[in-house]
Structure formats: structure tokens, C-alpha cells
Peer 1: 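A single structure is presented below for examination.
Quantities reported herein were computed from a predicted structural model and do not represent experimental measurements. Keep in mind that the numbers below use all heavy atoms, side chains included, and drop hydrogens, waters and symmetry copies. Residue numbers start from 1 in every chain, and the chains themselves are labelled A, B, ... in the order their sequence lines are given, proteins ahead of strands.
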Amino acid sequence: MTVMEQRGAYRPTPPPAWQPRTDPAPLLPDAEPYRVLGTEAAAKADPELLRRLYTELVKGRRYNAQATALTKQGRLAVYPSSTGQEACEVAAALVLAEQDWLFPSYRDTLAVVARGVDPVEALTLLRGDWHTGYDPHEHRVAPLSTPLATQLPHAVGLAHAARLKGDDVVALAMVGDGGTSEGDFHEALNFAAVWQAPVVFLVQNNGFAISVPLAKQTAAPSLAHKAVGYGMPGRLVDGNDAAAVHEVLADAVRRARAGGGPTLVEAITYRVEAHTNADDATRYRGDAEVETWKQHDPIALLEHELTGRGLLDETGVETARQDAETMAASLRARMNQDPALDPMDLFTHVYAEPTPQLLEQREQLRAELAAEAEPEGAQR
Amino acid sequence: MTVMEQRGAYRPTPPPAWQPRTDPAPLLPDAEPYRVLGTEAAAKADPELLRRLYTELVKGRRYNAQATALTKQGRLAVYPSSTGQEACEVAAALVLAEQDWLFPSYRDTLAVVARGVDPVEALTLLRGDWHTGYDPHEHRVAPLSTPLATQLPHAVGLAHAARLKGDDVVALAMVGDGGTSEGDFHEALNFAAVWQAPVVFLVQNNGFAISVPLAKQTAAPSLAHKAVGYGMPGRLVDGNDAAAVHEVLADAVRRARAGGGPTLVEAITYRVEAHTNADDATRYRGDAEVETWKQHDPIALLEHELTGRGLLDETGVETARQDAETMAASLRARMNQDPALDPMDLFTHVYAEPTPQLLEQREQLRAELAAEAEPEGAQR
Amino acid sequence: MTTVAVKPATMAQALTRAMRDAMAADPSVHVMGEDVGTLGGVFRVTDGLAEEFGEDRCTDTPLAEAGILGTAVGMAMYGLRPVVEMQFDAFAYPAFEQLVSHVAKTRNRTRGKMPLPLTIRVPYGGGIGGVEHHSDSSEAYYMATPGLHVVTPATVADAYGLLRAAIASDDPVVFLEPKRLYWSKDSWNPEEPTAVEPIGRAVVRRSGRSATLITYGPSLPVCMEAAEAARAEGWDLEVVDLRSLVPFDDETVCASVRRTGRAVVVHESGGFGGPGGEIAARVTERCFHHLEAPVLRVAGFDLPYPPPMLERHHLPGVDRILDAVGRLQWEAES
Amino acid sequence: MTTVAVKPATMAQALTRAMRDAMAADPSVHVMGEDVGTLGGVFRVTDGLAEEFGEDRCTDTPLAEAGILGTAVGMAMYGLRPVVEMQFDAFAYPAFEQLVSHVAKTRNRTRGKMPLPLTIRVPYGGGIGGVEHHSDSSEAYYMATPGLHVVTPATVADAYGLLRAAIASDDPVVFLEPKRLYWSKDSWNPEEPTAVEPIGRAVVRRSGRSATLITYGPSLPVCMEAAEAARAEGWDLEVVDLRSLVPFDDETVCASVRRTGRAVVVHESGGFGGPGGEIAARVTERCFHHLEAPVLRVAGFDLPYPPPMLERHHLPGVDRILDAVGRLQWEAES
Ligand SMILES: Cc1ncc(C[n+]2csc(CCOP(=O)(O)OP(=O)(O)O)c2C)c(N)n1
Ligand SMILES: Cc1ncc(C[n+]2csc(CCOP(=O)(O)OP(=O)(O)O)c2C)c(N)n1
Ligand SMILES: [Mg+2]
Ligand SMILES: [Mg+2]
């Protein structure tokens, strides 16, 4: 029977299977980044939380400054400062419950420290030691990830595994604006949405990927607009407003914990320092832009709010500053010691058990080190 | 000066740099797939085009049937049929101007043939011969791409290169619903939007990636909703409505040609046959679903429209069918000949000039073939 | 090994059985990949697992290999033991960064704090008439990546035993499955599955005195055939099946070569930069004074895998192996 | 080669000059990658190119390596000659599928109809105190991929000459730049840039009679130093700089080894499955009866690249090379 023959019965219909899988409207970000400080919403924020955030912001900035100083003294191989982005760093750490996991990117030392990791251990990689000075399981902080966006699928897998085991665990994964261009970003968000994994993606849009400005990175209305394409909500927040970042992340974490699936949060912020101490930012941006952003400083914003509402006085500011100095002094002192590394450790953790090949190589190194240690005359 | 000291002057402002890069609204797809056939829009469609589409659809379906038959006869190693998806295949080919480029996925033999490539040459890969029987430059058709989504960045690069050279060239790249999950999909769309490359992405959402249904592939409201996350328009179209697919693609091609940048088009369609002749679709889907879709058949839809409007009569249908039969007979006959392959060709095109290593290996094979050719007694 | 099978099973079935037994024994074992669930995999190697253990234990993932491996890494971080299927050799490449920069390195960079017990199953190699991208031999990439174990069975019994071992390993294992042996059968008895094989031991599949053929995976049957054929030429060939490329069993291989004094490495992966170079070099380093001739290599040519109609000219066959054996300087030359 | 330089330039500067000259000579040459434009690259190797030729000729791309290489493939399909910069060795891995499945295969699968004249610059190797993922030696992966040329300069002159040749090549070239030689200088005179070097020729950097050190890229200076030091031990070492790993210059290498009778391959890439296995194996195949000792290898250990504070123990240094030379059986053993 040709179609002609059955024509009488045939009725064009819409494609039978199609229906929107979800309503797109609630997944789209608001037109403006969400703000709390300086708005009416600030009245509803928990003063305790705001003060806690403030203390951590001040400490964070001081940490960045100290770490950058340590690079100049050759005590750190390299340091990517998050000055200007402290609100994101600190809120990401504080928003998590104890059993939750943080998946930081290479710039997120502050978040790692705010989560409880020892400030020196958090710098292990950057001082040129074996990567993870900290035990990832102790504070549930994954190793800082250098290959961009590769940590995102890890966060999804971990959150998914926890859910399968029936554990109440949320994973929060951090990535930069540049990192959103990587395929791993896409694949991670898609897996997360399909699996409805309890994971929150925090994009710190700090305007640059090294020298490359956002306009060369994406043409999207905002990075948060990517969320709808995965079927998860996208949220836009003022990344320098610690209260706003915390609130938006807290909502997302709550949603994830309740089985509502993943959220993508874009925090608009700015990298005030160069990419790392080795970078020369004057090559690609002007001072004027930096100055504008300094006018929108996360610490100043919060301090203004707190003092304006009588939640913080000069003493409070001074105390926070003192705490930060104490931390910095301790960091400086502890970082002045060279870490003790044993070359024989090269072979210890490649596998659970070294292969016969590694055992041979270990013996070779052992012999070399012994020869080196011999008195001068005995050497070649 | 601490922030406290400058407090009087300090005013919280919104993040200075942020503004939506583009208005998201026009980038979002309509709530329903666009349709032409059976709607008022059909009246505006060019009858010549509709007839042309019809002829090609009928030929396409016959081609699929013939190719599948050839797998049973061992004349083709494998064939992924696009039966049920002919409207997308044909429209994609016909919408392009001569100088434009088509980047097909492995299922898109019909589009390749409709673009003008010899029907036998288009099967070169699938019959087990060297990949590209056709010269990609002759009809501006890239080699069929087997690794999913990898052809998409190629299309972007080619379109971008053409634009840099000042040439009037649009690239149209085809990919499946499953392919949209790959990182290359993401990276290609992002590059296209950032570069405003003249490229059109056509996703044939046929409901499955081998056995995996769309619901396990994405949680997005639609695949077209991904577009806004790149800053390009997303369009949703009834993929079995050849007139609608053609119109939506033509708009996108026109836009690209005019310098308006890329478009993502999602065509809702259905793979009526198994994934390939080697697949057993009953393992993962029921007959009922297939039957529903057969009620929304692209050929029937168009035939209904054309005959209903007096643009096609029994003779026209018969002519189309005859044409298709002629093509199929010729295909069958020509495919009955074994292609002549020269083993020495193994070494010819690895590099422009064979390396010394390949020259040695070529001599080895030459000697082996000579030994094989020797009379039985002379052999080992 | 030589138990008589009640009803012989294919290598594919032995692999299925290995996963099934591992999943039954350990609830942390999860199978994941493209089409592994409802369909049971394009080679049906995961057939029945989703039905028996549920979709959460045998999961059809979205179509994205970096995502598959990357999420598996996260699952392993949380203590699961993911078994990932890459649908074909060439389709594992999108996951290369995850493999090299994370899977292979995570134990080391966390000083043992975060081991990744992960198995990555990769059907590999040619000889099944596959179109391009479906017949790559990618073992050289994995061998050159410290931190991975690289294992490949050549017999049905090993398919079972080695896959169990891979899944039980606390380290990531790239488990290479020779596609063209999926349908092979031997004496393995599915009623009495073999014990878990330790990873890292080669085995002498055939004893001989004239020369050693060193091989693995898809080339083992070819070498066994060649060894049979060689008898007519008066050569008594020993055949060593490596089974594990990393770690490498220098002991077994070198013991054989010291005995025979001659060796040919056989694999279908391209020769240049392929596994054979490493094997020949290390055997020579260790057995130089026992060698009557250089260790020769018989491998695929150095080209992108050819189309089905030409693959027989590319793949090392019996004749090519015997030619190489013939070049092992049976009479002393200058 | 031995022209006296007016003002010596670094290898980084020679590379910049090569691109600049190529771009000036041929409008189809396009440079692209992360931070190559405004910043001039993180190693400043593309410094000034965007300024001189415009952003369309030297383009800051989005941060996505598969996208960079994939779009470069498309550009090459249209007749451009893209020169892609991968920011660091390990950050080329996301582009692995594009590299293996397309870049390496497209000429072959289109039977020569669609050549891809592409240069992929990859800064590689360690020794600069880089944190993890910044010091990988990935040449083994590229060598094992037929269809690619793999080239690496060890001198400033070669940096210029070989990069010009790579860009001029009608085939894809993986151009490996030894990071720690970026700031090295030698006698190359930027006022009189060297002629384009043909790809595929090794060169004897130092003549000697006792044994041959076979090396390339970052290990050449170490080998030269070792050869100097060896004089004190009474060894007169020849040093061969391969310059091109694919194609491989068997002729030059084997001529040297036949002369000296002994050889050590030196590279910092991991030993197991690394380039040295291939090199040792092929030299042995070709020179067996000239060898007084097995070809030995001095390589990085088989581990993920270690942290800066330990890298000196990992990298092949002068002592380790001399130890190996010492094991070349200078008095006959059993
Ligand atoms: C896969 C990968 N490619 C390239 C790099 C090199 N790289 C390090 S940081 C960086 C820029 C990152 O930008 P963004 O994601 O915006 O993070 P930000 O530095 O702004 O925090 C680049 C290109 C890398 N680490 N990983
Ligand atoms: C990178 C990659 N991974 C896996 C495959 C194997 N494979 C071939 S077709 C297919 C399903 C593709 O689904 P879709 O993109 O929806 O296209 P369709 O088959 O429906 O046309 C898969 C998984 C492949 N070809 N490439
Ligand atoms: Mg950034
Ligand atoms: Mg599909």
C-alpha cells in the first residue's frame, strides 16, 4: 500500500514524541545578577553569617597577599591570587555541610583553606611539593585541579555515587569562565542533569582566562544561560557580594540535597591581581578597569553593610585584621621551612604495589643517592 | 587606607562590567516545533521546491532500502539507515548553495547523495573500501564522520577560514541527538558563536543513540535550548516536515551568509529502522512507538500536502517511484562489482611522501605479494 | 586451565560472567558506558547485567567518553569500583585527558590517599571487518602512561580470570579486549570459573627450543598457528603470552629467550613506537649475550588502520611471522 | 650553523621569528591558541604576531583544546596553514581524539584529496620547576600515531629551521618545543635566519669513537655535557641529535652506531613504552653484529612527572648517562 492509497485515512499530526522535557522558564537566570548587600534583602540575612563571612574575607585577602609575597621570596613556585574574588571563595566553603565535598580549581586555595584545610598544606602543590599535602578525605576537599574543568565530572560522579549509596552528600565544584569552554564542562553538566546528581557548579566569571577576556570566550548572554541547555536552573549572582553568593549557593545546595538535582551558578567577579605572580596583566588590560572593580570590592561591600547596620565596629574590623595578621605570620613562619622530601618516595605511590620495573628503578636511584653521599674522593 | 576609612565615599554598586551580552529572548526556541505541512504556512511554500523535495524523499527512502538489502548480500559491510529521517537529509542538502559545504555524520549518506555525490561513491566507506570514494572538494562534502561530533569543529573552522578569505561560503554540519553530549559539540558551537562563523548546526533528534533514548541523553527542555548558552539562536522544527526543515535551514543559512553568525536547529524525527543492519532494535523499544511515528511519515506528510493541493497526481507519484527504482537498480548493479583495491596503496597516502620506514614496509609487502603470486610449489 | 568444559563459552560470555560474579560479590562494582544497560553492549558483553543488578549498577550513560571516565573517577573517589566500557578503541580517545591527567596520576598525587579502583574495558584491534575508527590498536598509548595497568587476555579463561583481577585491583586497569576473539571458545568451563589470575604474569602457551614468539591478545592464536606451521620448517617455537603489558613480566619472557636464544615480538599494533619496541629493547638489554640474532618485530604497518578489504595485508599473519623467524640468522653471518 | 651571531637570540625568539617569516611569506599561515594574541603566549613565543599581522592571523581562541585543533582542521581543509599552540604538553590531551582520528588520518582516508597542512606546537618536558601537568613528555603518544610528523629542535638554529619546515610541510607536524631550552642561546644569527631544515634528518652534534649517545630536544645539552665529562674517563662519545622522531633517520643513527659499536639512548620521557624502546630496537635490528653491548636507555623513571623539588632525581643527568656508558661492556663479559 502506497501512501497514496491510504491517503484518505492519513492525517498530518505534530511529531508524536515531542514535548518539552521541562519548562524552560524557571531554568533561565534573572536579567540582573542577584544582590543582597545594599539592597532590601540584606535585612533578612543572618548577622552571624555576615560577620563570619567578613572575618573569612579579610583573612582570605591577607592569605593571598602573603602567598604572593612568598613567591617573591622563592618559597612558592607560583601563586594564582584570588584577590577580588574572596566572596566566592569563602561562600563556597562555608555553604557546605560537613559531609559535603568541595572540588576546587587551581585558583581556589582560599576556598580550600576556608573549608578547614591547613593553610600550609593547601599550598603543597604550589610550593613544589607532591600535590596533595592534605588528605582529600579528611575535609572532603578534592585535590586542586590544574587541567581546567576536569574536576567537574569528578564532582558529578562523587555526588552520584553518594546518592546511590543513600548518603546525604552534596558536591560543589568550582570552575572559571575560561573553563566553561572546555568539553568537560559540557559533559559534566549534562551527566549531572541526566542523573539528577546533587551537585552545584560555581562559575567564577572573573572576566579573564589569563589574558583572554570574556568576549573572546563566549557570546552567550551570560554563562548562567548555559544551564537551560542541560535542564538545570542557571543563577546569576554578584560574585563580590558575599551574602548574595552564599544565599544563592545555599539555595542550590538545599535543592540538591532535597533531590532536586544540580544548579549552575555564575558569579560575576573580577581578578584584581595578575593571573599569577608570573603574569604581566598590563599586557592585556588597563588600570581603569581594575580601578572600577576596586570600587566594587567584596570586603568593602560587606564592611559597608555591616558597619552601616551596626553589626561591626572599629574593634570588630581591627580584630578581623589582627586574626588575619596572626594567620599570615604563622603561614610565613611555617613556609620558611623547606619541606622534607625523600627522593625514594618517587616510587611509593605510583601503584598500590610498585611494579617490578619500578622496583628496579628504585634500586637504581638508591645506588645513585648512595654514590652521591660518598665522600668526594670516592666519586667518579 | 582601610575600607573603613574611606567608608563615607564608598557606595555599593552593581558589578560594573556585567551586562547581558545579547538579549536571550530571540535565541530561545519556540515552544512547539515549527511545522509547515498541514498548516497555513504551506500555502506560502514554493511548489517547485516541494516537488523537488518529494522526489528526493522518495529516492532517499529507496536508497536506504537498497543499501540495507546490499548488507544482506554482503555487498556492504554495514549500513545505518536514515529511513524516517529523509526530510532532514534531503533538506540539508538542497538548502545549500553550490559553494557551500556539508559536514555529514555517519548516518547522512542520503544528504551526501542529494548534494550530488555519486550514490556508489557515497558508500565507499561502508562497503569496506578506503574511506572517501568521493573527492570532498568536488561537491564540497566533507568525509562522513564516524567519531561523533568531531566534524562540528571542522565545519566551524572551514566556515571561519572562508569568511577570513572573503568567500561567500556557509557550512552546514549534521549531528545526532547522542552526539550533542560530546565535548566537541560544545566546543564547536562556542567557537562558532565567538567567531560569528557562517555555520548551521543541524541536530537530527531521532530519539535514540543506538539503544539509549533521549531521556537518558539529556534533561534539557529541548536540544535547541542549548543554543542560548552559546549566544546563537536555537530553532525547533518538525524533522519529518520537509518543507519546515527546509525553511528553517534556509533562514539559518541566509542569516549565516549575511554575517549574522551560527544557528542551532533541532529537528524532531525518528529512526524507523534499527541503528544499523547489525542492530536489534526490539531489545530497546516497542513496535507501538515505531507505529506512531510511521503515522507521521515524512513522505506521507508531503505527499498528502502535494496531492491535496493538486500539485502532485498519481502520475507524479508513479514517476518519482520509477525514478527511485531506476536509481536503485543502477546502485544494485554497480555495487555488485567488487571494488578493485591495490594493497600497495596502503602506503601511498599516509604522508605526502612516504617515510623511509614506510618505503621499507612497502617493499616488504611487495615481496610478500610476489611470493603469494608464485606457483604453489614455489611457496613455503 | 585444561578443565574440560561442560558447554564451551565464548570470550564475550566469560567477560560477562566475570562482571556478573564481581557485581554479585561486591556491591561497590558498577558497570557503566554507552549502551551497556538495556542493549547489553554492542558486543553484548554486559548482557543481562542491568536486568540482574538494576540500572543503577549497570548504567547507560550519555554519549560522552570523557564524561563517562570523569564521572567514574568521581565514583571511585567515593569508594565505588566502576567498570567502564569504551565502545570501541578509537572512541576512548575523547577520554584521554581524564585518563592521563587523572586516572593514572591520582593515587600518586594524593600520596596514596585517593586510590582509583577503576577498570576501563576497551575492545581493541582489527580483523573483524570494521570500518575506520573501529579497529585501532591503542595499547602503546596506555603503556606509555605510568600509573595504569594494561592487561589483555588471549584465552577465554584469562578473559574471566584477568577481568576479575582487574576489577579487584585497587589501581586503574586498562583492560584491552581483543574484538576478534570475542567469539572464540576454548576449554574454559563456565560452570567452574577459573580463579582470579594475578595481574603481571606472562605464560608460556607452547614450549619450544628454537625461538620464542612473544605476543599477546589478538595475535596469540596467530602465533600458535605459526608455531604449528613452523614445525614443517624444522623450527620448534616457544610462544609466550604476555597477558599483562604493565606490569611487564621480564622474568618469564627473559627466561624463555635465554633458553631459545632467539625471539620475535608479534602484535598487530603499528610497529613504530608500538609495544614491540619496548619489548625488544628490554629483552635485548637483559639477554644480549644469549641472543643469536636481534630480536625482530612483526607488527602492523605504520599506517592508519586500513579498510576491511585490505586489512589482511596489514595484519601480521602466519607467513609474515615465519619470514621473521627465518631471518633469525640460523647460520652465523658477519 | 657556526655563523657568529651579531646578537644572540633565544630559542623562543627564533621560534617567533620563524612564525613571523612564515606569516610574511604566506598569507595562509594562521597562528591560533590560548593567549597567543594580545599576550604573545605564556612563553611569549608568539610575541608581536597579533600586532604585526592582526588578530585574524594570530588569534586568541576560547579555552578548549579539542576546539582549537578541530577548528584548525577545518581551516586546513579550506586551504589555510594553521599553526596551533598548545599551552603546555598536558593540555594537548583534550585534543587527542581530533589528533589521532582526524589530523593523522585525513590525508589517508581521502586518498590524498584532503591534506592537512597543520603545525601543532607543543611546549614539552620538565626541568623548569613547573607544577604537575606542566612537565609531561608526550612524544611517545605522537610517535605511535601514524600520519603525524614529530619534530623537536635542540638548538636555536634548528628551532628556526625546523619550524619553518613544519609550517611549510603539507602534512601535519607535531612540533615539540623543549620548554627548558626556550631561553637557551647559541650561535644562531637572527639577522641571517638559517635556511629551512628538511624534516627527517638527524645530525651528529659531536663526533666520537667510543660510543654513540642518541638523543633529542631537551636532553641534547645534557648529552653534550656528558660527552665532555666522559673524556676524563677515557671515552670519546659521539652525540646524535635526532631532530625528527617521525620520520626517523635510520641512516645517520645506524652509521654512527656501526662506527662506535655501542649506543645509549637518552631522553627524559619515561622509559617504559617511551621513544627509547623503539630507537634501541630498530638500531639493534639494523646493527646487531656491530654491537659490542646492548643498546642501553637512560630515561625518566616510569612515573607521573614528579614535583619540582624532586625533578632533578627524575631527569636523566650527566651521572646517569655516564653510568650507562660504563655498563656498555668495555671488557668482554659472558
Ligand atoms: C586543559 C587546560 N588547558 C589550559 C590550561 C592553562 N591555563 C591555566 S589557567 C588558564 C586560564 C583559566 O581561566 P579561567 O577558567 O577563567 O580561570 P581563572 O584563571 O580566571 O581563575 C589556562 C588557559 C590548563 N590549566 N588546563
Ligand atoms: C566518539 C564516539 N563514541 C562512540 C561512537 C559509537 N557510536 C556510533 S553511533 C552511536 C550512536 C549515535 O547516536 P546519535 O548521535 O543520536 O546519532 P544516530 O545514530 O541516532 O543517527 C554511537 C554511540 C562513535 N561513533 N564515536
Ligand atoms: Mg577567569
Ligand atoms: Mg540519534
Side-chain angles (χ1 to χ4, degrees), chain B residues 101 103 124-125 130-138 142-143 145-147 149-165 167 169 171 173 182-184 186-195 197 199 345-360, chain D residues 27-28 30 32 54 56-57 59-82 94-95 97-98 100-102 104-117 146-149 169-172 199-200 244 246-251 282:
Chain B
W101 273 78
F103 283 80
T124 311
L125 162 71
W130 287 109
H131 183 285
T132 309
Y134 55 94
D135 178 348
H137 292 283
E138 191 182 338
S145 179
T146 301
T150 55
Q151 72 279 16
L152 305 182
H154 304 171
V156 175
L158 182 135
H160 178 62
R163 205 176 61 126
L164 290 180
K165 284 199 176 183
D167 296 350
V169 170
E182 290 281 5
D184 275 17
H186 176 69
E187 302 189 9
L189 268 75
N190 190 43
F191 272 69
V194 169
W195 287 348
V199 54
D345 254 7
L346 283 171
F347 305 97
T348 315
H349 295 297
V350 182
Y351 300 96
E353 296 293 330
T355 61
Q357 287 70 44
L358 284 174
L359 291 176
E360 276 180 19
Chain D
S28 67
H30 284 245
M32 56 198 287
D56 281 345
R57 296 282 305 282
T59 308
D60 282 329
T61 63
L63 208 170
E65 294 78 9
I68 295 170
L69 190 54
T71 52
V73 166
M75 290 164 72
M77 285 173 163
Y78 201 74
L80 300 188
R81 290 187 175 269
E97 181 188 31
Q98 284 289 344
V100 176
S101 292
H102 288 291
K105 290 181 176 157
T106 299
R107 173 186 285 276
N108 193 54
R109 61 208 282 262
T110 61
R111 314 310 296 139
K113 303 261 171 52
M114 206 169 225
L116 293 182
L148 304 176
H149 288 303
S169 168
D170 285 337
D171 283 317
I199 287 180
S244 165
V246 182
F248 191 88
D249 187 352
D250 285 312
E251 210 179 299
R282 59 192 306 115

Peer 1: Less than 4.5 Å to any heavy atom of chain B: does that hold for the side chain of D:T59, its backbone, both, or neither?
Peer 2: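 Side chain only.
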Peer 1: Under a 4.5 Å cut-off applied to non-hydrogen side-chain atoms, are D:T61 and D:T71 in contact?
Peer 2: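 Of all side-chain heavy-atom pairs linking D:T71 with D:T61, none is under 4.5 Å.
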Peer 1: Pair B:T150, D:H102 - check side-chain hydrogen bond (donor to acceptor under 3.5 Å, both in side chains), show working.
Peer 2: CA-CA 8 Å; B:T150 55; D:H102 288 291; 2.7 Å; yes
Peer 1: So which residue, D:I68, D:T106, D:D170, D:V246, ends up with the most heavy-atom pairs under 4.5 Å with chain B?
Peer 2: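 Option with the greatest count: D:I68.
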Peer 1: Counting only non-hydrogen atoms closer than 4.5 Å, does D:A72 touch chain B with its backbone (N, CA, C, O), its side chain (CB onward), both, or neither?
Peer 2: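 For D:A72, neither part sits under 4.5 Å from chain B.
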Peer 1: So which part of B:A155 gets closer than 4.5 Å to some heavy atom of chain D, the side chain, the backbone, both or neither?
Peer 2: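 For B:A155, neither part sits under 4.5 Å from chain D.
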Peer 1: Output the option from D:M75, D:E65, D:R107, D:K113 having the highest count of non-hydrogen pairs under 4.5 Å with chain B.
Peer 2: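 Heavy-atom pair counts peak at D:R107.
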Peer 1: State the OH-CG distance between D:Y78 and B:D167, to the nearest 0.5 angstrom.
Peer 2: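 Atom-to-atom, D:Y78:OH and B:D167:CG are 3.5 Å apart.
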Peer 1: Please state whether the side chain, the backbone, both or neither of B:A162 comes within less than 4.5 Å of a heavy atom of chain D.
Peer 2: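 Its backbone and side chain both get close to chain D.
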Peer 1: Relative to chain D, which segment of B:F103 carries a heavy atom at a distance below 4.5 Å: side chain, backbone, both, or neither?
Peer 2: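 Contact with chain D is through the side chain of B:F103 alone.
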Peer 1: Against chain B, label D:T110 side chain, backbone, both or neither, depending on which of its atoms sit under 4.5 Å from a heavy atom there.
Peer 2: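 Both backbone and side chain of D:T110 come within 4.5 Å of chain B.
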Peer 1: Do B:K165 and D:L80 have side chains that approach each other closer than 4.5 Å (heavy atoms only, starting at C-beta)?
Peer 2: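 Yes, their side chains come closer than 4.5 Å.
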Peer 1: Quick check for you: among B:V156, B:L358, B:D345, B:T348, which has the greatest number of heavy-atom pairs under 4.5 Å with chain D?
Peer 2: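 Between B:V156, B:L358, B:D345, B:T348, the count favours B:D345.
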Peer 1: Any donor-acceptor pair under 3.5 Å linking the side chain of B:Y351 with the backbone of D:L148?
Peer 2: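 Pair found, side chain donor or acceptor close to backbone of D:L148.
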Peer 1: Output the distance between atom NE2 (D:H30) and atom CG (B:L164), rounded to the nearest 0.5 Å.
Peer 2: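 It is 5.5 Å, given to the nearest 0.5 Å.
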Peer 1: Which atoms of D:R57 come close to chain B, meaning under 4.5 Å heavy atom to heavy atom: side chain ones, backbone ones, both, or neither?
Peer 2: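 Interface part for D:R57: neither.
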Peer 1: Top residue by heavy-atom pair count (under 4.5 Å) with chain B, among D:S169, D:G112, D:P146, D:P62?
Peer 2: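 So the answer, after comparing D:S169, D:G112, D:P146, D:P62, is D:P62.
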Peer 1: For B:V194, is it the side chain, the backbone, both, or neither that has a heavy atom closer than 4.5 Å to a heavy atom of chain D?
Peer 2: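 B:V194 touches chain D through side-chain heavy atoms alone.
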Peer 1: Would you call the rings of B:W101 and B:H137 parallel, tilted or perpendicular, taking 30° and 60° as the class edges?
Peer 2: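 Ring orientation of B:W101 relative to B:H137: perpendicular.
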Peer 1: Do the side chains of B:T355 and D:F248 get nearer than 4.5 Å, heavy atoms only?
Peer 2: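 No. Closest side-chain heavy atoms not under 4.5 Å.
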Peer 1: In terms of heavy-atom proximity below 4.5 Å to chain B, should D:E251 be classed as side chain, backbone, both, or neither?
Peer 2: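 When you check distances to chain B, no heavy atom of D:E251 falls under 4.5 Å.
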Peer 1: Taking every heavy-atom pair that is under 4.5 Å apart, which of D:H149, D:E97, D:R111 has the most such pairs with chain B?
Peer 2: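 Of the candidates given, the most pairs with chain B belong to D:R111.
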Peer 1: Tell me yes or no: between the side chains of B:Q151 and B:D184, is some donor less than 3.5 Å from an acceptor?
Peer 2: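 Result is no, nothing qualifies.
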Peer 1: Tell me, for D:D171 versus chain B, whether the close heavy atoms (under 4.5 Å) come from the side chain, the backbone, both or neither.
Peer 2: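 It is the side chain, since no backbone atom gets that close.
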Peer 1: Is the number of heavy atoms from other residues, nucleotides or ligands within 6.0 Å of CD (B:E353) greater than 12?
Peer 2: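 Incorrect, the count does not exceed 12.
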Peer 1: Under 4.5 Å heavy-atom distance to chain B, tell me which part of D:P115 shows up: side chain, backbone, both or neither.
Peer 2: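 For D:P115, there is no contact with chain B at all, as no heavy atom is under 4.5 Å.
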Peer 1: Please classify the contact between B:E360 and chain D as side chain, backbone, both or neither, with a heavy-atom cut-off of under 4.5 Å.
Peer 2: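 Interface part for B:E360: side chain.
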Peer 1: Does a donor on one side chain sit under 3.5 Å from an acceptor on the other, for D:Q98 and B:H154?
Peer 2: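 A pair is found: one side chain offers a donor N or O, the other an acceptor, under 3.5 Å apart.
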